[in-house]
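Structure first, commentary second.
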Amino acid sequence: QVQLVESGGGLVQAGGSLRLSCAVSGRTSANYVKAWFRQAPGKEREFIGGLRWSGGNTLYADSVKGRFTISKDNAKNTMYLQMNSLKPEDTAVYYCASKLGVLLTPRAHEYDYWGQGTQVTVSS
């Protein structure tokens with residue numbers, strides 16, 4: 001079992017920044033992929049980006065490339081999502097997710113563990 005807890009969401013003005021955290025506990029094997037997704041009301045869950053915990057390779061969605069950065073702190077078993085130049089269309093509930101293996105995939109159904117989500121609201 002893997003437990004994921006997101007934090008850091010909130011209300012921010014357009015153009016601002018936020019940093020989300022995803023604390024990982026339980027089976028924290030290095031052979032996991034971690035990812036960030038978001039879901040806006042009435043929309044499907046969207047892949048933002050992810051990384052291989054071992055090696056740190058990253059993959060980003062085109063919609064956030066250049067604005068969002070994923071990083072990790074191995075000592076704290078925590079993954080971060082630094083979000084800059086935020087836009088109103090970034091408003092959503094943001095989730096972190098985890099899957100066993102090394103394949104970094106944008107497909108939500110392939111992830112086994114999910115956090116409870118944290119709300120990000122960007123005002124115009």
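Keep in mind that this is a model prediction, so the values were computed, not measured. Values below: every heavy atom of this structure, side chains too, minus hydrogens, waters and symmetry copies.
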Side chain proximity check, [X] to [Y], heavy atoms < 4.5 angstrom:
X	Y	answer
Lys87	Val122	no
Val2	Val24	yes
Ile70	Tyr60	yes
Leu86	Phe68	yes
Lys72	Trp53	yes
Lys99	Thr105	yes
Ile48	Tyr94	yes
Arg38	Leu20	no

Contacts of type side chain to side chain contact (heavy atoms under 4.5 Å, CB included), residue Gln119, not counting sequence neighbours =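 Scan of Gln119 (side chain to side chain contact (heavy atoms under 4.5 Å, CB included), adjacent residues dropped) gives Thr91, Val93, Thr121.
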query = Does a donor on one side chain sit under 3.5 Å from an acceptor on the other, for Ser63 and Glu89?
reply =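 Ser63 vs Glu89: no donor-acceptor pair found between side chains.
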Check [X] against [Y] and note the closest heavy-atom contact, atom names and distance.
X	Y	answer
Thr78	Ser21	CG2-CB, 4.1 Å
Ser124	Pro88	CB-CG, 3.8 Å
Ala35	Met79	O-CE, 3.6 Å
Ser17	Gln82	CB-NE2, 3.9 Å

request  = Please check if the side chain of Arg52 supplies one atom and the backbone of Val102 the other of a donor-acceptor pair under 3.5 Å.
outcome  =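 Checked: pair present.
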ask   = Do the side chain of Glu6 and the main chain of Cys96 share a donor and acceptor less than 3.5 angstrom apart?
value =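 A pair under 3.5 Å: yes.
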message = Check this for me: does any side-chain nitrogen of one of Lys65 and Asp62 sit under 4.0 Å from a carboxylate oxygen of the other?
response =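 Yes, Lys65 and Asp62 are salt-bridged.
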query = Is Tyr80 linked to Leu59 within one hydrophobic cluster, defined over Ile, Leu, Val, Met, Phe, Trp and Tyr using a side-chain heavy-atom separation of less than 4.5 Å?
reply =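 No, it is not one cluster - the side chains of Tyr80 and Leu59 are not joined through contacts under 4.5 Å.
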ask   = If two hydrophobic side chains count as joined below 4.5 Å and joins carry through other members, does Leu4 share a cluster with Leu100?
value =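 Same cluster: Leu4 reaches Leu100 through Ile, Leu, Val, Met, Phe, Trp or Tyr contacts under 4.5 Å.
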task = Scan residues 100-124 for pairs that pass ring-ring contact (aromatic ring centres under 6.0 Å, His included), counting only residues two or more places apart or in two chains.
result =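 Checked against ring-ring contact (aromatic ring centres under 6.0 Å, His included) - neighbours excluded - the pairs reaching residues 100-124 are Phe37-Tyr111, Phe37-Trp114.
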key: side chain to side chain contact (heavy atoms under 4.5 Å, CB included) partner of Leu18, the single match among Asn84, Leu11, Val120   =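 That would be Val120.
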Nearest 0.5 Å, what's the [atom1]-[atom2] distance between [X] and [Y]?
X	Y	atom1	atom2	answer
Asp90	Glu46	CG	CD	8.5 Å
Met83	Arg19	CE	CZ	11.5 Å
Lys34	Asn77	NZ	CG	8.0 Å

task = Inspect the surroundings of CD in Gln13 and state if more than 12 heavy atoms from other residues, nucleotides or ligands are less than 6.0 Å away.
result =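 For Gln13, atom CD is not crowded (no more than 12 foreign heavy atoms under 6.0 Å).
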